Amino acid sequence: MTKKLLLIDGNSIAFKAFYALYTAMDKFTNPSGLHTSAIYGFNRMLDKVLDDEQPTDVLVAFDAGKVTFRTKMFADYKGGRAKTPTELSEQFPFIKELVNDRGIATYELPDYEADDIIGTLAKQAEDSGDYEVVIVTGDRDLTQLTSDKTTVQVSKKGVTELETYTPKHVEEKLGVKPSQIIEIKGLKGDNSDNYPGVEKVGDKTALKLIQQFGTIDNLYQNIDDVSGKKLKEHLIQDEDQARRAHKLATINREAPITISLADLNYKGDDIDKLTDFYERMGFKSFLAKLSVDDNDHSEDQSKIEYTVLTKDNLSELDQFKDEVSFHLEMSEENYHISPLIGFAVGQGDHWYVTNQPELLKDPHVSRLLTSETVKKNLFDAKRTFVGLYRQSIILKNVDFDMLLVSYLLNTTNNSNDVGTVAHLHGFYNIKTDEEVYGKGAKRQIDAQSPEFLAHIVHKAKAIDQLHDDMFKDLDEHNQTTLYRDIEIKIAFVLAKMEINGIKVDAGTLEAMGSKFKERIAEIQQTIYQEAGEEFNIGSPKQLGKILFEKLRLPILKKTKTGYSTSVDVLEKLAPDAPIVQNVLDYRQIAKLQSTYIDGLLKVIHKDDGKVHTRYLQTLTQTGRLSSVDPNLQNIPIRTEEGRLIRQAFVPTQPGWQIFSSDYSQIELRVLASITGDQNMQEAFKEGEDIHATTARRIFGLPSNEAVTPELRRQAKAVNFGIVYGISDFGLSQNTGITRKQAHQFIERYFEEYPGVKKYMDDIVKFARNHRYVETIAHRRRYLPDINSKSFNLRSFAERTAMNTPIQGSAADIIKIAMINMNEAIKDMKTKMLLQVHDELIFEVPNDELETVKKLIPSVMDSAIKLDVPLKVESHWGKTWYDAK
DNA sequence: CCGGTCACG
DNA sequence: ACGTACGTGACCGGC
């Protein structure tokens with residue numbers, strides 16, 4: 001056996017691929033509107049099996065048409081099947097083209113199905129004695145072909161997950177030999193192929209009979225041995241059907257094929273044709289793979305020319321006068337503490353690289369980086385700025401930040417990896433960090449290796465190569481101003497805030513922690529007594545058992561994995577059993593302890609007693625920031641116990657104040673402005689309480705009548721709902737009113753605020769036409785699901801279309817305010833410390849307090865001119881807690 | 001590594 | 001009929 005023959009059932013794999021990607025179908029269309037999901041899935045399968053099996057010979061067999069010897073034998077064979085969707089049938093010619101471009105033969109034969117071609121060739125191969133055979137299909141019936149020389153791989157969930165059937169595996173799984181599969185099918189028939197077997201015989205009976213008799217022939221010869229009178233009657237009655245089903249299920253292994261084993265030689269990818277094909281299909285990831293594989297052969301990665309920097313050649317860097325690409329490599333994610341492990345710098349064909357970060361301090365290097373005249377192109381300006389700042393180098397004149405530009409062009413699929421982003425924009429001669437360094441536990445960076453140096457040169461080079469194109473794309477999106485006036489500027493403002501950090505008093509946290517610890521222990525004991533046993537309260541699974549099985553509390557909601565024990569459920573159950581309230585209390589305090597006491601203590605820097613968060617500037621889909629290590633945007637405030645955590649956040653100097661200013665209802669003001677709704681604008685212009693006004697309007701109260709707190713609360717919920725892209729169900733869930741009521745409220749709302757209604761309709765239409773929506777500052781979010789056939793995906797996209805311009809414009813506004821703020825306070829001792837979406841937090845010396853009380857709100861409310869005023873409220877105190 | 005839960009706007 | 005509020009991050013338990 002010197003050869004390995006791979007036989008692929010083209011139709012069934014195409015079907016599987018199509019339905020595996022069914023819900024994502026609309027994400028897979030090429031520029032000319034062709035659906036490509038099945039082509040894509042098919043190719044993924046090809047990649048996997050070619051790689052796993054390393055075959056010498058390959059064939060993809062297809063069905064030739066609807067009419068086959070089976071339909072001639074039984075007219076209804078495969079009858080009643082839904083017509084193949086056009087979204088799939090249009091892809092078949094391209095799948096065949098793909099297969100050919102990959103150097104693989106295809107074949108189809110009138111009157112026969114792909115199964116028969118495969119069966120026939122497998123038999124020929126087995127008989128010749130030269131071959132090992134592997135069959136890949138989505139149809140489990142083909143497992144009848146397994147033998148000691150042939151294995152059958154059946155696709156499971158997707159198309160790349162395959163289950164391998166050997167004769168042994170068939171017996172274990174199905175309880176019969178491979179050859180007996182057709183005997184089973186003879187008896188039970190096949191619903192999907194629409195032919196009957198014997199009445200009342202299904203899987204179990206068929207299996208039992210075949211295990212007893214071996215074959216249908218033998219069964220009928222010994223029909224008197226069948227136990228069960230009815231069963232015997234059915235068998236006798238339906239003998240013809242059983243024999244016909246047996247024939248239909250049997251793969252023809254003697255089909256009159258006009259192709260021979262010698263024609264199946266696997267030639268491998270035709271790179272040129274395949275490149276062209278992938279480009280037409282818009283398959284960027286496959287293009288990337290193609291070029292990486294290609295590079296592996298040509299050793300392109302190591303062929304790049306670069307000079308290793310040494311003390312003696314540093315002066316060569318003086319050649320860069322106008323522009324340079326620079327990449328600073330770090331070994332860890334957290335750039336506040338990560339070691340620097342190398343850098344690459346250069347332009348065009350001149351590249352320099354080193355694994356000695358101390359060379360950064362050499363004047364030839366630092367002069368370049370701090371120069372106001374030499375433009376820098378890089379990836380992640382904030383990270384680079386902080387890394388260099390730690391070496392006392394102040395990075396200046398960043399022109400192109402590839403990470404930021406990529407994020408603005410398309411927030412989805414953005415990545416922190418240079419290689420990944422480069423691939424996304426059509427530049428493939430670079431590997432990803434994962435490919436070079438490994439991932440998870442296996443990740444390891446060998447900074448001494450030539451591969452390392454080559455890799456970071458490739459990063460710098462990718463940045464250099466892509467910056468013109470990406471700037472052009474930015475311009476086409478009308479996003480150059482967004483980039484230059486907002487995003488690149490805020491990167492440095494954020495860097496400064498992160499470096500500055502905020503002081504957290506460890507003593508305060510520890511004192512609170514020991515109190516919490518006692519409370520937790522107390523509540524824990526009480527819960528154990530109430531439960532009558534000890535268990536892990538933190539485990540929803542164990543807790544569910546206690547509450548819903550042992551104590552028999554009513555099950556109000558379930559999750560995918562079991563009983564739901566979330567707050568809303570437990571709150572409803574609390575009156576039924578005291579243990580429930582205790583669990584709620586336990587949860588709350590355990591959360592405070594683990595996330596906020598222990599969690600924060602872990603990240604206080606020893607040298608300065610501060611925490612230095614990192615704002616992720618290129619993560620959210622709306623343009624907001626997020627905050628990690630630690631997250632300082634979700635410090636408790638809603639409950640008094642949690643709010644106490646804020647007492648630990650203190651100014652750096654004794655006697656200073658923590659000063660906080662927040663935009664009041666910024667999202668609703670943005671809504672009023674961009675919808676142009678006159679009624680809502682009037683409310684804000686008149687300085688009214690918007691929730692009360694909304695309540696008056698939708699509940700039809702006279703203007704002199706006071707709005708009850710309950711009605712105001714409901715109106716507030718509706719206002720929120722509108723911002724989120726409302727549905728009556730969502731509103732009813734969130735407020736406890738009925739769905740019908742919710743529906744009425746929404747209708748009333750749209751009557752009172754017709755501009756809002758029109759905007760919501762228009763923005764969804766816009767999204768359908770353009771497949772994206774944008775904010776005031778032209779921040780863009782693509783909504784690939786907006787025309788999806790799936791109700792769920794489409795509805796989600798519609799809500800997103802309504803919400804993103806509002807949430808995103810609010811994000812634009814506070815970013816502008818922060819940039820202006822940075823200027824406004826640059827000569828003061830006051831420092832901007834944190835941003836929490838609609839609020840800014842500062843530390844302020846007492847002698848500047850009177851100044852900032854006016855200055856900070858005025859900078860914030862003048863960030864942008866809307867059709868309604870922006871309102872800012874300020875609070876201050878000796879800790880963050882006291883700034884209320 | 002994922003799902004449940006809960007902290008924030 | 002479908003089964004839903006928008007945007008995040010950290011921790012825990014359990015696979």
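Note on naming: letters A, B, ... go to the chains in the order of the sequence lines (proteins, then strands), and numbering restarts at 1 for each one. Because the structure is a prediction, the values reported are computed rather than measured.
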Legend entry - Residue pair A:Gln524 / A:Ile537: nearest heavy atoms and the distance that separates them: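 Where A:Gln524 meets A:Ile537 most closely, the heavy atoms are CG-CD1, 3.9 Å.
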
Inset, instruction - Indicate the atoms forming the closest heavy-atom contact of A:Gln647 with A:Thr879, along with that distance. - result: O-CG2, 3.5 Å

Suppose we screen for ring-ring contact (aromatic ring centres under 6.0 Å, His included). Which residues come up paired with [X], at least two apart in sequence or across chains?
X	value
A:Phe516	none
A:Phe684	none
A:Tyr663	none

Tell me what [X] touches on the nucleic acid: a base, only sugar-phosphate, or nothing, going by heavy atoms under 4.0 Å.
X	result
A:Ser795	nothing
A:Arg781	sugar-phosphate
A:Gln733	nothing
A:Gly721	base
A:Val723	nothing
A:Asn734	base
A:Leu625	nothing

Legend entry - Span that lies between the P atom of C:dC2 and that of B:dA7, in whole angstrom: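 So the two P atoms sit 33 Å from each other.
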
Inset, instruction - Using the C1' atom as the reference point in each nucleotide, state the distance between C:dG3 and B:dC6 in Å, no decimals. - result: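 To the nearest whole Å, 23 Å.
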
Inset, instruction - Classify the angle between the aromatic ring planes of A:His691 and A:Phe720 as parallel (below 30°), tilted (30 to 60°) or perpendicular (above 60°). - result: parallel

Legend entry - Aromatic ring pairing A:Trp876/A:Phe659, orientation class (parallel under 30°, perpendicular over 60°, tilted between):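 A:Trp876 vs A:Phe659 ring planes: parallel.
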
Inset, instruction - Take A:Pro540 and A:Phe791, find for each the nucleotide of DNA chain C with the closest heavy atom, and name the residue whose nucleotide sits nearer the 5' end. - result: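 Here A:Phe791 is the residue nearer the 5' end.
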
Legend entry - Residues that A:Arg779 engages under side-chain hydrogen bond (donor to acceptor under 3.5 Å, both in side chains), provided they are two or more places apart: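 A:Arg779 satisfies side-chain hydrogen bond (donor to acceptor under 3.5 Å, both in side chains) with A:Glu487, A:Asp812 only.
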
Inset, instruction - Would you please name every residue forming a side-chain hydrogen bond (donor to acceptor under 3.5 Å, both in side chains) with A:Ser874, sequence neighbours left out? - result: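 If we apply the side-chain hydrogen bond (donor to acceptor under 3.5 Å, both in side chains) test to A:Ser874, skipping adjacent residues, the hits are A:Ser661.
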
Neighbours of DNA chain B within [range], by heavy-atom distance under 4.0 Å:
range	answer
residues 585-606 of chain A	A:Arg587, A:Gln588, A:Lys591, A:Tyr596
residues 797-810 of chain A	A:Gln807
residues 629-639 of chain A	A:Gln633, A:Asn634, A:Ile635, A:Pro636, A:Ile637, A:Arg638

Legend entry - Sequence neighbours excluded - ring-ring contact (aromatic ring centres under 6.0 Å, His included) pairs with any residue from residues 746-767 of chain A: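 Non-adjacent pairs meeting ring-ring contact (aromatic ring centres under 6.0 Å, His included): A:Tyr749-A:Tyr753, A:Phe766-A:His770, A:Phe766-A:Tyr772.
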
Between atom [atom1] in [X] and atom [atom2] in [N], what is the gap in whole Å?
X	N	atom1	atom2	value
A:Arg646	B:dA7	CZ	P	13 Å
A:Lys541	B:dG4	NZ	P	13 Å
A:Ile841	B:dC8	CD1	P	14 Å
A:Lys815	B:dG9	NZ	P	19 Å
A:Tyr563	B:dT5	OH	P	14 Å
A:Glu839	B:dC8	CD	C1'	10 Å

Inset, instruction - Answer yes or no: is there an ion pair linking A:Arg643 with A:Glu640, defined by an N-O contact shorter than 4.0 Å? - result: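 The answer is no: the pair does not qualify as a salt bridge.
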
Inset, instruction - Please answer whether the main-chain N or O of A:Gly438 pairs with a side-chain N or O of A:Gln444 as donor and acceptor at a distance below 3.5 Å. - result: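 No, A:Gln444 side chain to A:Gly438 backbone: no donor-acceptor pair under 3.5 Å.
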
Inset, instruction - Using chain A heavy atoms and a threshold of under 4.0 Å, write down where along DNA chain C the contacts begin and end, 5' to 3'. - result: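 Range of nucleotides touched by chain A: C:dC2 to C:dC15.
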
Inset, instruction - With A:Met802 as reference, evaluate A:Leu671, A:Val764, A:Val723, A:Val773 under the side-chain contact (heavy atoms from CB on, under 4.5 Å) test and give the passing residue. - result: A:Val764

Legend entry - OP1 or OP2 of B:dT5 under 4.0 Å from side-chain N/O of A:Thr559: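 Answer no for this pair, as no side-chain N or O of A:Thr559 is under 4.0 Å from OP1 or OP2.
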
Considering only distance and modelled atom types, tabulate donor-acceptor pairs under 3.5 Å from the side chains of residues 595-605 of chain A, sequence neighbours left out.
{"from": "A:Thr595", "atom 1": "OG1", "to": "A:Lys591", "atom 2": "O", "distance (Å)": "3.4"}
{"from": "A:Tyr596", "atom 1": "OH", "to": "A:Asn634", "atom 2": "O", "distance (Å)": "2.6"}
{"from": "A:Tyr596", "atom 1": "OH", "to": "A:Asn634", "atom 2": "ND2", "distance (Å)": "3.4"}

Inset, instruction - Check the surroundings of atom NE2 in A:His743: do more than 12 heavy atoms from other residues, nucleotides or ligands lie under 6.0 Å from it? - result: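 Counting other residues, nucleotides and ligands, NE2 of A:His743 stays at 12 neighbours or fewer.
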
Inset, instruction - To the nearest 0.5 angstrom, please state how far the CG atom of A:Leu632 sits from the CG atom of A:Leu833. - result: 10.0 Å

Inset, instruction - Kindly express the pairing pattern of DNA chain C in dot-bracket notation, using | wherever a base pairs with another strand and counting only Watson-Crick or G-U pairs under 3.5 Å. - result: .....|||||||||.

Inset, instruction - Report the C-alpha distance between A:Thr411 and A:Gln621 in whole Å, list the side-chain angles of each, state the deciding distance to 0.1 Å, and finish with yes or no for side-chain hydrogen bond (donor to acceptor under 3.5 Å, both in side chains). - result: CA-CA 6 Å; A:Thr411 52; A:Gln621 300 302 303; 2.9 Å; yes

